[in-house]
Amino acid sequence: AVERLVLGYYPTWVAYSFPPSKIDFRPYTHLAHAFLMNDADGNVSSEGNQVPNLELTNLAHKAGVKVLLSLGGENSGKTMNPMAANPASFDRYVGNVLKTVEQGDYDGADLDWEMPESPEDSSNYVKLAKVLRERLSALGLKKARKYELTAALPASDWYGKNFDGPGILPHLDYGFIMTYLFSGPWRDIAAPSSPLKPSSKDPESPGLTIQAGMNYWVASKGWPKEKLVAGLNFDGMGLAAAAPYGPVRKGEKTGFERVKYSQVSELLGKGWRAWWDEEARIPWLLSPDARTVVGYEDPRSVGEKTAWARTAGYGGVFFWEISADRLADGSSPLVAAAASAWPR
């Protein structure tokens with residue numbers, strides 16, 4: 001059997017309300033501390049100077065959990081693409097990453113370059129993965145420990161076309177496939193952000209599912225299933241529509257663009273209704289005034305997705321991000337559902 005990976009992203013900006021001392025490390029094998037950002041010259045920084053964080057890595061290591069340093073993040077292609085194209089900036093960046101890994105006692109790095117946009121970016125991505133792997137392996141020999149290198153990767157060819165699957169495979173321990181945000185306000189119909197399976201109500205949906213997104217890396221990119229980790233997004237997405245799969249009123253703000261799982265019970269208390277989507281295998285929330293629908297995750301959908309990843313032979317699951325399902329009593333029902341669907 002494949003050893004499963006359960007990873008949660010821990011963003012720097014949640015640390016004020018959710019410090020490392022409050023994290024229940026038990027469900028995880030790994031955390032990803034996000035993000036170490038960079039400029040085009042290869043200098044690095046983080047939001048609120050939260051990276052490196054020795055409190056986080058010390059507590060995690062005591063609990064037997066590894067912590068990866070996440071590099072880049074949303075829209076990081078703006079600085080990653082020019083940095084990687086310039087040899088001096090590239091070398092400076094790699095040096096800064098290695099120094100931060102060592103200073104923070106991290107267990108490796110997670111490359112979250114969003115997104116390579118050209119064939120040149122694509123080959124620079126392979127080069128960066130190769131050089132980071134070499135440098136982390138050298139550091140591992142010096143320190144007598146194993147450093148891991150992973151990457152967050154897109155779930156379809158729209159962004160995935162500039163990723164050289166066979167080229168990066170030898171350098172990465174795992175690929176974290178971002179199997180969410182398949183649909184949103186940019187589409188004409190109110191389709192779910194992260195369905196497990198296709199819906200007959202959505203003509204485009206066969207390609208816009210977790211199953212399709214994971215298979216993309218097997219069928220199109222030549223990756224073995226055990227190195228692929230399925231992504232679960234704990235933020236629901238609100239759409240200006242009267243019903244699931246109804247027409248989206250373009251450009252209209254709902255005020256519920258992002259709904260954390262921790263807000264769901266509050267909305268249900270205010271007269272919102274929950275509806276289970278039998279085909280897509282996800283829940284929806286319907287607003288009392290019938291103007292907003294929210295596709296989200298609940299313990300049932302997370303449990304089903306995790307069980308599917310397990311039986312399909314994938315390497316594990318990861319969550320974006322670990323504060324989003326944390327309730328007032330300190331429990332995390334979505335993380336718990338995943339952990340019980342794929343026990344150690």
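Under a 3.5 Å cut-off, the side chain of Asp41 and the backbone N or O of Asn43 do not form any donor-acceptor pair. Under the 3.5 Å distance criterion, the side-chain polar atoms of Ser76 are matched with a main-chain donor or acceptor of Asp112.
When side chains are defined from C-beta on, Arg187 counts as touching Asp202, because their heavy atoms get closer than 4.5 Å. A heavy-atom distance below 4.5 Å is found between the side chains of Leu68 and Thr150. Using a 4.5 Å heavy-atom threshold, the side chains of Leu228 and Tyr174 count as separate.
Nearest approach of Ala274 to Tyr296, heavy atoms of both residues: CB-OH, 4.0 Å. Closest heavy-atom contact between Ala190 and Val293: CB-CG2, 3.9 Å.
Side-chain heavy atoms closer than 4.5 Å link hydrophobic residues (I, L, V, M, F, W, Y) into clusters, and following such links, possibly through other members, connects Met178 to Val317. A continuous path of Ile, Leu, Val, Met, Phe, Trp and Tyr side chains, each step under 4.5 Å between heavy atoms, connects Leu59 with Leu69, placing both in one hydrophobic cluster. Val51 and Leu111 fall within a single hydrophobic cluster, where Ile, Leu, Val, Met, Phe, Trp and Tyr are joined by side-chain heavy atoms under 4.5 Å apart, directly or via other members. In the hydrophobic cluster analysis, where Ile, Leu, Val, Met, Phe, Trp and Tyr join through side-chain heavy atoms closer than 4.5 angstrom, Phe234 is grouped together with Ile23.
Considering only residues two or more places apart in sequence or on other chains, Thr254 meets the side chain to side chain contact (heavy atoms under 4.5 Å, CB included) condition with Ala240, Phe256, Glu257, Thr292.
Between Asp173 and Lys146 there is a salt bridge, since at least one side-chain N of the basic residue sits less than 4.0 Å from a carboxylate O of the acidic one. With respect to the salt-bridge test (charged N to carboxylate O, under 4.0 angstrom), the residues Lys260 and Glu297 do not qualify.
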Please output the side-chain donor-acceptor pairs of residues 30-37 that fall under 3.5 Å, not counting sequence neighbours, one pair per line with the distance.
unit_1	atom_1	unit_2	atom_2	d
His30	NE2	Glu148	OE1	2.9
His33	ND1	Tyr106	OH	2.8

Which atom pairs, donor and acceptor, lie under 3.5 Å between side-chain atoms of residues 6-13 and protein residues at least two apart or in another chain?
unit_1	atom_1	unit_2	atom_2	d
Tyr9	OH	Asp110	OD2	2.6
Tyr10	OH	Phe18	O	2.6

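The number of heavy atoms from other shown groups lying within 6.0 Å of NZ (Lys250) is above 12. When the shell of 6.0 Å around NZ of Lys161 is examined, it contains more than 12 heavy atoms from other residues, nucleotides or ligands.
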Between Trp272 and Val294, is the side-chain contact (heavy atoms from CB on, under 4.5 Å) condition met? List the steps.
CA-CA 10 Å; Trp272 288 59; Val294 178; 3.8 Å; yes
For Arg249 and Asp188: C-alpha separation, side-chain torsions, deciding distance, then whether salt bridge (charged side-chain N to carboxylate O under 4.0 Å, His left out) applies.
CA-CA 8 Å; Arg249 300 186 302 279; Asp188 293 327; over 6 Å; no
Applying salt bridge (charged side-chain N to carboxylate O under 4.0 Å, His left out) to Asp289 and Arg291, what does each step give before you reach the verdict?
CA-CA 5 Å; Asp289 63 4; Arg291 292 191 65 77; 5.1 Å; no
Give the C-alpha distance, both sets of side-chain angles, the deciding distance and a yes or no for salt bridge (charged side-chain N to carboxylate O under 4.0 Å, His left out) between Glu226 and Arg4.
CA-CA 9 Å; Glu226 64 271 14; Arg4 89 206 197 324; over 6 Å; no
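Between Tyr314 and Trp308, the ring planes are tilted. Angles from 30° to 60° get that label. Ring geometry for Phe318 versus Phe176: interplanar angle of 30 to 60°, hence tilted.
Two rings, from Tyr125 and Trp113, have their centers less than 6.0 Å apart. Aromatic pair Phe182/Trp158: centroids not less than 6.0 angstrom apart.
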